[in-house]
Each structure stands twice: as structure tokens, then as C-alpha cells.
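Here the structure comes first, spelled out in C-alpha cells, and everything after it is commentary.
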Amino acid sequence: MNILSTCKIWFSWLRVCVLYYATRWLGKGSGTSLPGKWIEEGCPQILNYFNAKYREVIFISGTNGKTTVRSLLVKLLEDSGKRVNTNRGGANIMRGIATALFLDLN
């Protein structure tokens with residue numbers, strides 16, 4: 001990875017964090033949609049950085065019970081010593097996932 005890519009990731013991470021915490025501080029939601037919208041529209045190619053970062057990915061889909069199943073899985077995995085990155089804010093769309101990935105960089 002070259003220095004330009006590293007700088008772009010760092011500045012993107014910083015902007016995501018500012019948007020995330022500002023949204024939460026202002027009481028305008030869980031903070032995951034606005035930063036994710038910026039990533040989605042402003043630099044979607046930067047998500048390629050995360051392709052090699054995770055060995056295992058679990059997607060949960062369905063009509064009912066997704067949040068409950070996610071919570072149970074996260075608890076079980078963390079209790080067994082695994083490091084888990086999850087979208088605790090609850091936005092299931094790409095915006096929430098992108099924000100969760102960036103927040104996990106710290």
C-alpha cells in the first residue's frame with residue numbers, strides 16, 4: 001500500500017469518526033448512516049482496503065430476529081475470545097456496514 005492510499009484511509013477514518021460522534025452527540029440517531037453515506041458516495045473504492053482484513057464474515061438475513069441473532073452471536077464469539085466487528089448501530093444497509101468497518105480501524 002502506498003503513502004497516498006494510507007493517507008486517504010486515515011483521513012477517511014478521521015472524517016467517519018467525526019461524523020459518527022457528532023451525529024450521536026447531537027442526538028440525531030445511532031451515527032452509522034451519515035458517515036456511511038459519505039463513504040458510499042465519496043470514496044466507495046476505499047472499502048477494497050477491508051477485503052483482506054477479515055478472514056471470516058457472517059451475514060444474517062431474514063424477516064424477523066436479525067438483531068437478536070446478531071446480539072447472541074456477538075456475545076458467544078466475544079466470550080470465546082474472538083475479536084468481533086459488528087454494526088451495533090443497526091443500519092443493515094451498506095452505509096452502516098461501511099461505518100462499522102471504519103470505526104474498527106482504531
Side-chain angles (χ1 to χ4, degrees):
M1 182 178 302
N2 64 32
I3 189 73
L4 186 58
S5 295
T6 303
C7 287
K8 188 170 185 177
I9 290 168
W10 190 85
F11 283 117
S12 297
W13 173 80
L14 184 62
R15 186 170 184 177
V16 165
C17 287
V18 168
L19 289 171
Y20 172 78
Y21 289 110
T23 303
R24 291 178 61 89
W25 183 72
L26 293 169
K28 299 295 183 185
S30 66
T32 57
S33 291
L34 184 60
K37 182 178 183 197
W38 174 78
I39 295 165
E40 190 177 54
E41 293 174 359
C43 62
Q45 70 282 3
I46 206 163
L47 293 174
N48 291 330
Y49 167 79
F50 296 101
N51 283 346
K53 185 173 173 159
Y54 298 99
R55 289 184 321 157
E56 299 172 87
V57 177
I58 298 172
F59 288 99
I60 301 169
S61 67
T63 304
N64 297 312
K66 295 179 298 293
T67 302
T68 303
V69 170
R70 180 198 54 86
S71 297
L72 289 168
L73 278 174
V74 167
K75 176 82 171 123
L76 287 169
L77 291 168
E78 287 178 341
D79 285 353
S80 70
K82 303 254 187 219
R83 187 167 176 268
V84 177
N85 179 17
T86 184
N87 179 12
R88 296 179 198 274
N92 294 336
I93 56 177
M94 184 60 192
R95 294 174 182 172
I97 295 167
T99 302
L101 291 170
F102 268 87
L103 292 175
D104 191 50
L105 284 174
N106 58 7

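Start at 1 with the first residue, then count along the sequence. Scope of the values below: all heavy atoms of this structure, side chains included, with no hydrogens, waters or symmetry mates.
- Cluster annotation: Leu14 is connected to Val16 through the hydrophobic network of ILVMFWY side chains, with a link wherever side-chain heavy atoms come within less than 4.5 Å.
- Separating the CD atom in Glu78 from the OG atom in Ser80 is a distance of 9.0 Å, to the nearest 0.5 Å.
- For the pairing with Thr86, the side-chain contact (heavy atoms from CB on, under 4.5 Å) check across Ile58, Val74, Ile97 returns one residue only, Val74.
- Of the possible polar contacts, none joining the Lys75 side chain to the Ser71 backbone as a donor-acceptor pair under 3.5 Å is found.
- Under the 4.5 Å side-chain heavy-atom criterion for Ile, Leu, Val, Met, Phe, Trp and Tyr, Tyr21 and Leu19 are members of the same hydrophobic cluster.
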Review point. Are Leu73 and Ile60 close enough, and set up right, to give a side-chain contact (heavy atoms from CB on, under 4.5 Å), and what steps lead you there?
Key: CA-CA 10 Å; Leu73 278 174; Ile60 301 169; 3.8 Å; yes
